[in-house]
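Remember, predicted model here, so these are calculated numbers, not experimental data.
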Amino acid sequence: MCFIGIDIGTSSISSVAYDLENNKIESVTITNDSTIVSKVLWEKIQSPDRIIEIVEGIMEDFISRYPNIKGIGVTGQMHGMLYLNEQGEAVSPLYTWQDGRGNRLYRDNKTYAAYLSDETGYALATGFGLVTHFYNQVNGLVPSEAKQLCTIMDYVVMKLSGRKTPLTDYSNGASIGFFDMENLRFDHVALEKAGIDLSILPELAESATCCGYSQLQIPVYSAIGDNQAAFLGSVKDIHHSIHITVGTSSQISVYSDKYIKIPELDTRPFPGGGYILVGAALCGGQAFVMLKNFFKQTLQTFLPALSEDYHFDQIKLLDAFDFYKVMTSVSYKEDTSDLPVVKTLFDGTRFAPSKRGHIDNISLSNFTPENLILGFLKGISRELYDFYQSLPENIRNGKDVIVGSGNALKRNPLLCQAFEELFGCKLSFSLYQEEAAFGACLSAAKSVGSCSHL
């Protein structure tokens, strides 16, 4: 008996095949090459048709080798959206979570996102699907044939199951904005106040609702958010664990069985009931990439003069050089008193996009590459730790396990040490790769009662 999980990431598309009877997992990851280059830097869009092609190729391969597939679960990049026509076909690109139109100035010197937040009382940010839609509506960019909008994973579910209309679960519905977390529904009053037609909204349903069947009569279940899926696929004990994931961005998540609102954090519905409280940083591994690029650009500046004197091929040298290997092999220092203190807000925050990072505590003796590396890593970990400190004490109590995921964390032992130092406990990783795809797989398995440990 086998279940398939699919994760529609921004830069890659992953899938797992989970053989429950033999407890074996196979994972496949393919580059998401669906990005559409825009004429404007703030627009971040992808081709939904290309994404469907990649998913169909993965499914064709798995189906040919796993004849006893009992269900398909899907997850993917939250917040983004695309438009559908009456036949359920995409009539727009996917506007991803990174799309910046919500940070464009609208009126009264406010951005579109800030205006909507002030008018409705909801904390909204650029990249949220309904913020994107509001911008498009104001600027005449909604396709004339658009009847509804949905997330990319809801669209993948439609294509796999044959549905003509989108069905979104609470985790994905919440990610596009104007969502009443306590009552698990879109806030129609707030939407009408913003002038958004309610008919554009997807239908809401419980997580892991059967949406239909593939051509081979395999059940396809409603998609869940990738944050929730990664939590589900990584954490065994949801009541005592802290989940940290570091990729391009970074997040810290803890479970709460009751609804609670904390200004610095997102409260997100969790499949099966309860919530996860999430602190999301825009610069996670991206901050370390920025530092690597700085080191590389420094060499590119000075190597031409050196290569003339010493007669070596600077291009071959740079192409062959493993910057990350060197950067992750410096000696770790717990004492931060003489380290540069780095605030890694290099891309702002979700609700304060104009904020920027900075480096403090620089002295004549501590401004070295090694100390900068450690300062950046401690800054990445400190940003998530600060989110954690904003949790009420009754929620922090008993959280004694850190479970990590994301390649930027898995491949960086120094970053793991930085988190362990701050939180005062050991960091461990999931037994499985592609945690979000695995979480989607478990969600599908749970829906048919096949996974007794969930």
Side-chain angles (χ1 to χ4, degrees), residues 8 10 44-46 48 51 74-84 90-103 111-117 119-138 141-143 146-158 165-207 222-229 249 251 266-271 275-276 278 280 350-351:
I8 315 299
T10 311
K44 304 298 180 183
I45 52 178
Q46 294 182 330
I51 288 171
V74 182
T75 186
Q77 47 177 298
M78 301 198 303
H79 306 301
M81 72 86 180
L82 62 134
Y83 293 107
L84 308 173
V91 291
S92 77
L94 163 65
Y95 303 92
T96 77
W97 64 276
Q98 294 175 313
D99 190 86
R101 71 195 61 212
N103 283 340
T111 67
Y112 284 81
Y115 169 81
L116 288 172
S117 298
E119 287 293 304
T120 66
Y122 280 88
L124 299 162
T126 191
F128 282 31
L130 287 170
V131 175
T132 299
H133 171 63
F134 178 76
Y135 176 96
N136 289 346
Q137 181 177 280
V138 169
L141 298 176
V142 179
K147 296 298 180 185
Q148 285 186 290
L149 58 77
C150 69
T151 69
I152 184 59
M153 44 279 207
D154 295 333
Y155 187 60
V156 168
V157 168
M158 289 172 65
T165 57
L167 189 71
T168 195
D169 92 315
Y170 302 135
S171 66
N172 282 318
S175 79
I176 64 174
F178 295 99
F179 197 81
D180 181 342
M181 300 291 181
E182 194 166 9
N183 296 298
L184 301 177
R185 64 191 181 196
F186 288 112
D187 189 331
H188 289 186
V189 174
L191 285 161
E192 287 174 344
K193 189 173 183 179
I196 294 175
D197 189 340
L198 302 180
S199 66
I200 202 79
L201 300 173
E203 180 185 352
L204 285 170
E206 294 275 356
S207 300
S222 56
I224 61 176
D226 58 355
N227 179 210
Q228 289 87 339
S249 57
Q251 293 177 327
D266 286 347
T267 303
R268 299 177 178 176
F270 191 67
Y275 299 85
I276 50 175
V278 182
R350 284 172 54 200
F351 302 112

Can you tell me how the ring of Phe179 sits relative to the ring of Tyr170, calling it parallel under 30°, perpendicular over 60° and tilted otherwise?
tilted

Do the two ring centres, one from Phe270 and one from Tyr275, sit under 6.0 Å apart?
no

Taking the six-membered ring for Trp, are His133 and Tyr95 closer than 6.0 Å centroid to centroid?
no

N/O donor-acceptor pair under 3.5 Å between [X] side chain and [Y] backbone:
| X | Y | answer |
| --- | --- | --- |
| Asn183 | Arg185 | no |
| Asp99 | Lys44 | yes |
| Ser92 | Tyr83 | yes |
| Thr75 | Ile224 | yes |
| Gln148 | Ile200 | no |

For the [atom1] atom of [X] and the [atom2] atom of [Y], what is their distance to the nearest 0.5 Å?
| X | Y | atom1 | atom2 | result |
| --- | --- | --- | --- | --- |
| Phe128 | Leu116 | CZ | CG | 11.5 Å |
| Met158 | Thr165 | CE | OG1 | 6.0 Å |
| Ser175 | Met81 | OG | CE | 12.0 Å |
| Leu94 | Ile152 | CG | CD1 | 5.0 Å |
| Thr10 | Met78 | OG1 | CE | 11.0 Å |
| Asn227 | Ile276 | CG | CD1 | 4.0 Å |

Please report the shortest heavy-atom distance between [X] and [Y], naming the atom on each side.
| X | Y | result |
| --- | --- | --- |
| Ser222 | Asp169 | OG-CB, 4.4 Å |
| Pro48 | Pro93 | CD-CA, 3.9 Å |
| Phe134 | Ala194 | CE1-O, 3.3 Å |
| Ser171 | Gln228 | CB-NE2, 3.2 Å |
| Asp226 | Gln77 | OD2-CA, 3.5 Å |
| Phe186 | Leu191 | CB-CD1, 4.1 Å |

Arg101 and side-chain hydrogen bond (donor to acceptor under 3.5 Å, both in side chains): which partner among Asn136, Thr111, Thr126?
Asn136

Residue from Asp154, Ile176, Leu149, Val157 passing side chain to side chain contact (heavy atoms under 4.5 Å, CB included) with Thr168
Asp154

Going through the distances and angles, do Leu201 and Leu130 end up as a side-chain contact (heavy atoms from CB on, under 4.5 Å)?
CA-CA 9 Å; Leu201 300 173; Leu130 287 170; 4.0 Å; yes

Within the structure provided, determine whether Met181 and Pro269 are in side-chain contact (heavy-atom separation under 4.5 Å).
yes

Chi angles and distances behind the side-chain contact (heavy atoms from CB on, under 4.5 Å) call for Leu124, Tyr112
CA-CA 9 Å; Leu124 299 162; Tyr112 284 81; over 6 Å; no

